[in-house]
K.L.:
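Structure incoming, see below.
Just so it is clear: chains get the letters A, B, ... in the order the sequence lines come, proteins before strands, and each one is counted from 1. The structure presented is a predicted model; accordingly, all values stated were derived computationally and were not measured.
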Number of protein chains: 2
Amino acid sequence: MGRRSDHSREELRALIVAEGHRQMAEVGFAKFSAREVAKAIGYSIGTLYNVFGSYDQLILAINGHTLDLWLADLEAKLDSLPASRLRAAIDAYFDFALGNRNAWTALYDFRLPADEVMPEDYRIKVTAITEVVVREIRSELPTEHAGEAPALARSLLATVHGHCYFALNGTFALLGEQDPLAAALDRVDDALARFKS
Amino acid sequence: MGRRSDHSREELRALIVAEGHRQMAEVGFAKFSAREVAKAIGYSIGTLYNVFGSYDQLILAINGHTLDLWLADLEAKLDSLPASRLRAAIDAYFDFALGNRNAWTALYDFRLPADEVMPEDYRIKVTAITEVVVREIRSELPTEHAGEAPALARSLLATVHGHCYFALNGTFALLGEQDPLAAALDRVDDALARFKS
DNA sequence: GCACGATATTGATCACTGTTCAATTAAAAT
DNA sequence: ATTTTAATTGAACAGTGATCAATATCGTGC
């Protein structure tokens with residue numbers, strides 16, 4: 001066959017990413033297969049490689065889509081008039097990870113080979129999620145400490161990530177931790193206390 | 001061929017794990033291959049499957065060995081008369097992860113399929129590392145709060161893990177964080193402050 | 001010494017994976 | 001109508017985890 005009018009290049013890209021994300025959510029990173037994605041949308045494996053160039057770039061596109069969904073989810077929950085916006089953001093972090101186990105975990109299962117560079121648009125997506133946290137932390141900090149918001153946001157992101165990761169991978173269950181979210185919230189409170197009084 | 005006198009079953013197991021760990025450290029989880037391990041020690045792929053039963057069990061054995069090394073490293077550094085033992089433990093956490101990138105990361109890259117049960121000896125290894133942290137945290141806590149040491153240890157383990165993971169996978173570099181260890185230590189101090197005064 | 005049973009080891013075989021690329025098709029331009 | 005350009009294919013390749021009948025070796029009893 002040749003040129004097919006039913007999908008522009010852009011549409012095809014989006015179609016592959018959407019189906020890829022669906023399958024990633026279903027089977028997880030370890031069992032994900034590019035061939036299965038091609039089969040599901042009625043294209044051949046070769047077409048996927050023409051569009052994305054490599055398996056790694058396909059995964060990056062799928063993970064990028066997960067980041068898009070994550071950011072949208074985060075901002076939606078922040079717009080729902082919560083008592084504490086920072087607390088809502090952490091709730092949302094856990095919610096999204098637990099509700100999108102495989103897709104969220106794939107964000108960290110995948111690591112770009114050392115010789116490949118991360119696409120700019122992917123960096124932007126990661127940064128965008130951080131910016132949301134920076135903003136909320138800054139608004140919770142005394143104004144004289146506003147400048148420390150970015151560094152604190154990075155650190156608290158790592159803190160929440162660690163709790164969320166241990167909740168998902170079974171480490172917390174193994175250690176008898178019943179309420180990972182509450183533990184994460186306590187650590188955030190502890191960090192904020194440093195800047196109050 | 002048949003029985004070979006040069007290796008008992010136990011020795012062969014240890015040989016495979018040692019070489020497997022070596023290769024895991026060299027190539028990482030994604031590029032790890034059981035066939036390559038077999039080739040390196042002069043056995044066939046079939047023998048590896050006879051000894052371990054499955055790929056997953058082989059990985060578990062290798063990761064178990066990494067946990068052994070990790071615990072030994074941790075305790076050695078705690079025995080070196082440090083000013084603060086808790087701080088030494090966190091230093092050791094980062095040291096080991098940074099010095100054993102691929103092997104350490106494989107601990108989290110691998111996830112047991114839902115239908116398989118984690119071997120008891122693996123659970124014990126994970127718990128053993130936690131126990132060390134519980135002990136050091138308890139000794140840093142006012143005696144009236146000693147009972148909260150286990151929960152706090154789990155939470156701080158997750159906190160340090162999150163910082164360490166972001167340091168290794170490039171997230172912190174992407175976000176401009178220069179000193180992940182210092183950030184982790186700050187979060188631990190913040191948490192301990194909750195129980196003082 | 002011999003034969004037999006128990007155990008260890010093999011590697012061909014299978015189904016699958018990511019990856020490549022000459023061949024083919026169809027649309028657009030001339 | 002012809003040529004050019006772009007899209008699509010799928011067979012082919014090298015690699016993977018997994019299986020298992022066949023084979024080789026050892027230990028033991030006779």
K.L.:
May I have the distance from A:Leu48 (atom CG) to C:dT17 (atom P), rounded to whole angstrom?
P.N.:
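From A:Leu48 CG to C:dT17 P: 13 Å.
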K.L.:
Rounded to the Å, how far apart are B:Gln57 CD and D:dA18 C1'?
P.N.:
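One finds 14 Å between C1' of D:dA18 and CD of B:Gln57, rounded.
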K.L.:
Between B:Lys77 and B:Asp95, does any NZ, NE, NH1 or NH2 come within less than 4.0 Å of an OD or OE carboxylate oxygen?
P.N.:
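Result for this pair is yes, salt bridge flagged.
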K.L.:
When we call it a touch if two heavy atoms are under 4.0 Å apart, what does A:Phe52 touch: a base, just sugar-phosphate, or nothing?
P.N.:
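No contact at all - A:Phe52 keeps every heavy atom at 4.0 Å or more from the nucleic acid.
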K.L.:
Which part of the nucleic acid does A:Thr47 contact within heavy-atom distance under 4.0 Å: base, sugar-phosphate only, or nothing?
P.N.:
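Touches a base.
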K.L.:
Report yes if at least one side-chain N or O of B:Arg9 is closer than 4.0 Å to OP1 or OP2 of C:dT9; otherwise report no.
P.N.:
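For B:Arg9, the contact criterion (side-chain N or O under 4.0 Å from OP1 or OP2 of C:dT9) is met.
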K.L.:
Between A:Asn50 and A:Glu36, which is nearer to the 5' end of DNA chain C once each is assigned its nearest nucleotide?
P.N.:
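This one resolves to A:Glu36.
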K.L.:
Measure from CG on B:Leu58 to C1' on D:dT19 and round the result to the nearest Å.
P.N.:
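Spelled out: CG on B:Leu58 to C1' on D:dT19 is 17 Å.
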K.L.:
Within this structure, what is the OH-to-P distance between B:Tyr49 and C:dT13, rounded to whole angstrom?
P.N.:
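Distance check: B:Tyr49 OH to C:dT13 P gives 19 Å.
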K.L.:
With a 4.0 Å cut-off, would you call B:Arg135 and B:Glu131 a salt bridge?
P.N.:
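No, no charged N to carboxylate O under 4.0 Å.
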K.L.:
Does the D:dG17 base have a donor-acceptor partner in the side chain of B:Arg35 within less than 3.5 Å?
P.N.:
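It does, because a donor-acceptor pair links the side chain of B:Arg35 to the base of D:dG17 below 3.5 Å.
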K.L.:
What integer distance in Å separates A:Arg13:CZ from D:dA6:P?
P.N.:
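To the nearest whole Å, that distance equals 18 Å.
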K.L.:
Between D:dG17 atom C1' and B:Lys39 atom NZ, what is the distance in whole Å?
P.N.:
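It works out to 15 Å between those atoms.
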K.L.:
Is the shortest side-chain N to carboxylate O distance from B:Glu19 to B:Arg22 below 4.0 Å?
P.N.:
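Salt bridge present between B:Glu19 and B:Arg22.
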K.L.:
How is B:Leu12 classified with respect to the nucleic acid when contacts are heavy atoms under 4.0 Å: base, sugar-phosphate, or nothing?
P.N.:
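Sugar-phosphate, backbone atoms only, no base.
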K.L.:
Take the protein atom CG of A:Asp56 and the nucleotide atom P of C:dT17, then report the distance between them rounded to whole Å.
P.N.:
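Rounding to the nearest Å, CG of A:Asp56 and P of C:dT17 are 17 Å apart.
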K.L.:
Quick one: on DNA chain D, does A:Tyr43 or B:Ser54 contact a more 5' nucleotide (nearest heavy atom)?
P.N.:
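Final value for this comparison: A:Tyr43.
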K.L.:
If only side-chain N and O atoms of A:Tyr55 are considered, is one of them under 4.0 Å from the OP1 or OP2 phosphate oxygen of C:dT17?
P.N.:
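Indeed not, no polar side-chain atom of A:Tyr55 lies that close.
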K.L.:
Touch check for A:Ser44, heavy atoms < 4.0 angstrom, all strands: base, sugar-phosphate only, or nothing?
P.N.:
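If one applies the 4.0 Å heavy-atom cut-off, A:Ser44 turns out to touch a base.
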K.L.:
Can you tell me how far C1' of C:dG18 sits from CD1 of A:Ile59, to the nearest Å?
P.N.:
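Going from CD1 in A:Ile59 over to C1' in C:dG18 covers 11 Å.
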K.L.:
Evaluate the side-chain proximity of A:Leu152 to A:Leu192: yes if any heavy-atom separation is below 4.5 Å, no if none is.
P.N.:
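With C-beta onward as the side chain, the pair touches.
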K.L.:
Could you verify whether a donor N or O on one side chain and an acceptor N or O on the other, from B:Asn169 and B:Thr171, lie under 3.5 Å apart?
P.N.:
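The criterion, which ignores hydrogens and geometry beyond distance, is satisfied for B:Thr171 and B:Asn169.
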K.L.:
On DNA chain C, nearest-nucleotide positions of A:Ala34 versus B:Ile45: which is more 5'?
P.N.:
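First, find each residue's nearest nucleotide; the 5'-ward one identifies B:Ile45.
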